[in-house]
Amino acid sequence: MEKCVIQGQNNHSWHSDALKKGQWKNIELEKDVSIKGEEEAEEEADHLFIQLEDEVMYSTGEEAKVKVFGKVYNIPRKQATYGDAGLTYTYSGVTRSACTWTPTLEYIRDAVTKTTGYTFNFVLINRYKDGQDHIGEHRDDEKELDPLCPIASVSLGAARDFIFRHRDTRGKQNCRHIEPVKMELAHGSLLLMNQPTNTYWYHSLPVRKKVLLPRINLTFRRIVQDNKK
DNA sequence: AACTTAACAGTTAC
DNA sequence: GGTAACTGTTAAGT
């Protein structure tokens, strides 16, 4: 039975049973996932941030838009998609195609594989230039995502709040009392989101006016391309 | 054929 | 008096 739904680097880990009942339980305290010492890890994160700022090319035009509730918007952040040749990822009515891996992205991808034991063929990159940039509540429930592979979220740069809300507490069907789960995603941190997190829980990165520096987030995924249709 | 919505604006809560 | 936290959209895609 799959127990671990969310695994955060520092102290976030819960039973899915507890999740369904709305009783979050911390079942594990995981130490720094990095093999290196803290100081060294910090320096490496700094280095990776600088490298990515140089290497990553962000989407423009169609691929930088979403369609929500019948309208087209420019996304309130920058976004890029890298991965194995030919892979595409569609959300909010727009299909993104993978650019070829850069050396730094391959390095981070392999480091995450070493830490987690999972392999990934795609990464969605979101860059939030400051606290005004954000992403709204959503689930990563796209059909092309391999349900057996968690999504690995790597954070670099400014720390930002990250909020989970249970679907039964939103809008009209808010009959249940389940507290949102809030955490800070720090520079150099890794968050693993296993199933069925993305079935029951929406997540967002809300506006934080006091944050003045940029954050880069990389979500490594395993895509199973659907060639039919 | 229901069901959902990675966006925003507007309102309420603090 | 500001930020933060909820609500309601809306027509197209799944």
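Here is the naming used below: chain letters follow the sequence lines, and residue numbers restart at 1 for every chain.
Distance check: A/Ile151 CD1 to A/Thr219 OG1 gives 6.5 Å after rounding to the nearest 0.5 Å.
Residue contacts shown for A/Gln79 are absent, as no nucleic acid heavy atom lies under 4.0 Å away. A/Val72 comes within 4.0 angstrom of no nucleic acid atom, judged by non-hydrogen atoms across all strands. Among the heavy atoms of the strands, none lies under 4.0 Å from A/Arg96. A/Gly93 comes within 4.0 angstrom of no nucleic acid atom, judged by non-hydrogen atoms across all strands.
A cation-pi contact, defined as under 6.0 Å to the ring centre and within 45° of the axis, links A/Arg160 to A/Tyr128.
A/Lys65 has no side-chain polar atom (N or O) that falls below the 4.0 Å cut-off from OP1 or OP2 of B/dA6. OP1 and OP2 of C/dA12 both lie 4.0 Å or more from every side-chain N or O belonging to A/Lys67. The shortest distance between the side-chain N/O atoms of A/Tyr202 and the OP1/OP2 oxygens of B/dT5 is below 4.0 Å. Between A/Arg165 and C/dT7, a side-chain N or O to OP1/OP2 separation shorter than 4.0 Å is present. At B/dT4, none of the side-chain N or O atoms of A/His138 fall inside 4.0 Å of OP1 or OP2 (strictly under the cut-off). The side chain of A/Arg208 places no N or O atom within less than 4.0 Å of a non-bridging phosphate oxygen (OP1 or OP2) of C/dG2.
Counting only heavy atoms from C-beta on, A/Arg139 has its side chain closest to B/dT4 among B/dT4, B/dA6, C/dC6. Here B/dA6 is the nucleotide among C/dA5, B/dA6, C/dC6 with the atom lying nearest to any side-chain atom of A/Tyr91. Nearest nucleotide to the A/Lys209 side chain, out of C/dT3, B/dA6, B/dT5: C/dT3. Of all nucleotides listed (C/dT10, B/dA7, B/dA6), B/dA7 comes nearest to the side chain of A/Ile75.
The ring of A/Phe69 lies on top of the base of B/dT5, close enough and flat enough: under 5.5 Å between centres, under 30° between planes.
Between A/Asp161 and A/Lys182 no salt bridge is recorded (no basic side-chain N to carboxylate O distance below 4.0 Å). The pair A/Glu137-A/Arg170 meets the salt-bridge criterion, with a side-chain N (NZ, NE, NH1 or NH2) lying under 4.0 Å from an Asp/Glu carboxylate O.
Atom-to-atom, OH of A/Tyr73 to P of B/dA6 comes out at 11 Å; the value is rounded to the nearest Å.
In this structure, the side chain of A/Thr81 does not engage the main chain of A/Arg96 through any donor-acceptor pair within 3.5 Å.
In terms of polar N and O atoms assigned as donor or acceptor, the side chain of A/Tyr89 comes within less than 3.5 Å of the base of B/dA6 in a complementary pairing. One can find a donor-acceptor pair under 3.5 Å joining the base of B/dA6 and the side-chain atoms of A/Asp140. Counting atom types as modelled, A/Glu137 pairs no side-chain N or O with a base atom of B/dA7 as donor and acceptor under 3.5 Å.
The gap from the C1' atom of C/dT14 to that of C/dT10 amounts to 16 Å, rounded to the nearest Å.
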